[in-house]
2 protein chains.
Amino acid sequence: MGSALTIPLSDRGHEVRLWFTEFDVGILREVSERKPHPRLGIRLPEGVKLYPPEKLEEAVSGADYVVVAVSSRGVLPVSRKLRGLLDSRVPVVVVAKGVEVVEGRPRTMTDIVEEYAGSKSVVYVSGPSLAAELARRVPTFVVYSSRDLGTALKVKQAFETEYYRIEVSDDVLGAELSAALKNVYAIAFGIVRGLCKADSCRNLEASVLSYALAEIAKVIEACGGKRETAYSLSGVGDLYVTAMGGRNSAFGALVGGGLSPREALEEMRKRGVGVVEGYLNAPTLASLLSERGVGRDVAPLFYAVYDVLYEGAEPTIIVNTLTARA
Amino acid sequence: MGSALTIPLSDRGHEVRLWFTEFDVGILREVSERKPHPRLGIRLPEGVKLYPPEKLEEAVSGADYVVVAVSSRGVLPVSRKLRGLLDSRVPVVVVAKGVEVVEGRPRTMTDIVEEYAGSKSVVYVSGPSLAAELARRVPTFVVYSSRDLGTALKVKQAFETEYYRIEVSDDVLGAELSAALKNVYAIAFGIVRGLCKADSCRNLEASVLSYALAEIAKVIEACGGKRETAYSLSGVGDLYVTAMGGRNSAFGALVGGGLSPREALEEMRKRGVGVVEGYLNAPTLASLLSERGVGRDVAPLFYAVYDVLYEGAEPTIIVNTLTARA
């Protein structure tokens, strides 16, 4: 997504600097030779300046905006590296999604950036935005959230293009929870697809999405965010793209089809997919929910997925959980 | 859907009588010969008694429950035929979806049944329920709505099975509006699919669904129903199945791909699809919204679809409408 964002930002006339972590040096090599970006399938704009892992300081020096678009695991180390390199008022736009346990406590992405990078102007990006589509300028609608709406508006005004449209919100927690939870519910969606013995089970798929959405709303509210965020681009919008096309639902379909979670992960690796975010994030999310007092009564579908992935429960408990709700 | 419901009702041990309108005599002939139901692909349960068009009185005589599962156009003539045949306290379960103009006024399905059949116990069925899936006992979750929740609960207790799960609600108007509007928004979904020049436009599809849902919620609220109904099985659940697989989105895709609405209807007819509900219902819905004072400010996406279908507007206005909203 970091690379994809260079397209609208270049179209807006910004000087764009793209820094690569040590995990991305293969991509850096390709794009340095002006080859298409291997994940996006397009060439990056000519003006984009490329920075190798050791040149972070140079990359962010004098920047008006910083975008953090690494994996959820990468947010802590990158935040630590950024500390002291930025004025705390420079907006830091966080694209990473998930919950990470840091020093024994579950933390959201913006929590980590605020505490470890020392930023006071964090903006969180959510909504349905497959990077490869944005890179092709397919119209993409997202939400920029910040506790200070003025900061979100400022970044919106700097980043928005005709095809990259930005809504603003002050519900950062709701956006973060939606973004992390949707991966877990996409696994539930995949599981019912995998379980389906008829030609199609659209009725059941729709019910999973519908109950997932209701649960996201309840979890957000129980944690102190706004229910409405679940019903926006951040919630239902992102849930749709993730359920339709992502690795989480593909992984779920393998589990619903009869593989154990371990076998399904192995199969995903064979297909060249290293990380299934919903699988990784189910335990950290469970720990966040537990810390906030959100239990099985509020989020039975979430915990049903957790039980299938980590407690050896049968995939059919997903359907049973819906049946018990109705 | 009427035929599909004979499966759970027979499984519950009810005596089931299936009456056919004059438009269904072809189907009646097939199922009378114990052939599979041509629309559902399965044989009806042995115990189901079949009634031809002229035997409505016999079919409903002594019935504990009546299910009206005709097209929206058929609800008025069938209601008139039912008048006087039923005790007004016998629950009438209405599966038809849409808005019809009767004597110059836009009326919902339950309005028509109440006024013209003289029923005082109407229950409205909504939610994601493709008939062919229910007929195969694919788990299906629906909502039965009634102004008197007790009536909805009574029918739920009589109709529910392990695979046909029924929630109850008292928001009849919200359920009716969701059910009718979703066909129009599914056309918008199809149009953006048809317009898509990239490999996929999932980001944009997700945004259409997300904005459609927000609009359904606002329309329901403006008409006096409950926002939450939009976010339930009745709203988001049904919107999903309709956008994914229905004739409305297929029709929209043809329009987005460059055919005029008239040409697209002709093409649908060639494919054997007679009725595109969203096309038929856009004007009656527009007249209902207008009567309730719901204008373009509340429902810009609905009116954009209307303008494409009836006012010669370009399909690209669908995308422009979303862009203007963000």
Side-chain angles (χ1 to χ4, degrees), chain A residues 41 127-134 136-143 156 160 162-167 192 195-211 213-214 217 227-228 230-245 319 322-326, chain B residues 41 127-134 136-143 156 160 162-167 192 195-211 213-214 217 227-228 230-245 319 322-326:
Chain A
S129 44
L130 298 174
E133 292 186 8
L134 176 58
R136 282 178 178 73
R137 298 187 179 83
V138 169
T140 297
F141 296 73
V142 296
V143 182
K156 165 190 164 84
E160 198 165 50
E162 186 59 27
Y163 57 87
Y164 185 59
R165 307 301 292 185
I166 300 168
E167 290 186 8
V192 303
L195 286 169
C196 182
K197 302 288 177 260
D199 292 342
S200 75
C201 293
R202 287 257 167 76
N203 294 353
L204 184 54
E205 292 171 17
S207 301
V208 170
L209 291 179
S210 180
Y211 285 130
L213 190 62
R227 290 179 75 82
E228 290 290 316
Y231 310 133
S232 74
L233 292 168
S234 303
V236 67
D238 199 6
L239 180 61
Y240 169 78
V241 289
T242 308
M244 286 301 103
V319 183
L322 301 187
T323 304
R325 276 208 39 169
Chain B
S129 44
L130 298 174
E133 292 186 7
L134 175 57
R136 283 177 177 73
R137 299 187 178 83
V138 169
T140 297
F141 296 73
V142 295
V143 182
K156 166 189 164 83
E160 198 166 50
E162 185 59 27
Y163 57 88
Y164 186 58
R165 308 301 292 184
I166 300 167
E167 291 186 7
V192 303
L195 287 169
C196 182
K197 303 288 177 259
D199 291 341
S200 76
C201 294
R202 288 256 167 77
N203 295 352
L204 184 55
E205 290 170 18
S207 301
V208 170
L209 293 179
S210 180
Y211 286 129
L213 189 63
R227 290 180 75 82
E228 290 289 316
Y231 310 133
S232 73
L233 292 167
S234 303
V236 68
D238 199 6
L239 181 61
Y240 169 79
V241 289
T242 309
M244 286 300 104
V319 182
L322 301 187
T323 304
R325 276 206 41 168

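A note on names: the letters A, B, ... follow the listed sequences, proteins ahead of strands, and every chain is numbered from 1.
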Heavy-atom closest pair, residues B/Ala206 and A/Gly237: CB-O, 3.3 Å
Measure up the B/Tyr231 and A/Tyr231 rings against each other and bin them: parallel (under 30°), tilted (30 to 60°), perpendicular (over 60°). parallel
Smallest separation among heavy atoms of A/Val138 and B/Ser200, with atom names: CG2-O, 3.9 Å
Of all of A/Leu239, A/Val319, A/Leu209, which one pairs up most often with chain B through heavy atoms under 4.5 Å apart? A/Leu209
Of all of B/Leu204, B/Val208, B/Asp238, which one pairs up most often with chain A through heavy atoms under 4.5 Å apart? B/Leu204
To the nearest 0.5 Å, what is the distance between CG on A/Asp199 and CD on B/Glu133? 9.0 Å
Correct closest heavy-atom pair for B/Arg202 and A/Tyr240 would be O-CE2, 4.1 Å
Just do the side-chain contact (heavy atoms from CB on, under 4.5 Å) check on A/Phe141 and B/Thr323 with the steps written out, would you? CA-CA 8 Å; A/Phe141 296 73; B/Thr323 304; 3.9 Å; yes
Highest number of heavy-atom pairs under 4.5 Å with chain A among B/Ala217, B/Ser207, B/Ala214 belongs to B/Ser207
Given A/Gly245, A/Pro128, A/Cys196, the one with more heavy-atom pairs under 4.5 angstrom with chain B than any other is A/Pro128
Is chain B contacted by the side chain of A/Glu205, its backbone, both, or neither, given a heavy-atom distance below 4.5 Å? both
Check whether B/Glu162 gets within reach of chain A through its side chain, its backbone, both or neither, counting any heavy atom under 4.5 Å. both
Find the one option among A/Leu233, A/Leu213, A/Val236 whose heavy-atom pairs under 4.5 Å with chain B are most numerous. A/Leu233
Under a 4.5 Å heavy-atom cutoff, which of B/Ala230, B/Pro139, B/Gly235, B/Ala132 has the most pairs with chain A? B/Pro139
Checking heavy atoms, do the side chain of A/Arg137, its backbone, both or neither come under 4.5 Å from chain B? neither
Select one option (side chain, backbone, both, neither) describing which atoms of A/Ser232 are under 4.5 Å from chain B's heavy atoms. backbone
Stepwise side-chain contact (heavy atoms from CB on, under 4.5 Å) test for B/Val241 and A/Asn203: CA-CA 7 Å; B/Val241 289; A/Asn203 294 353; 4.3 Å; yes
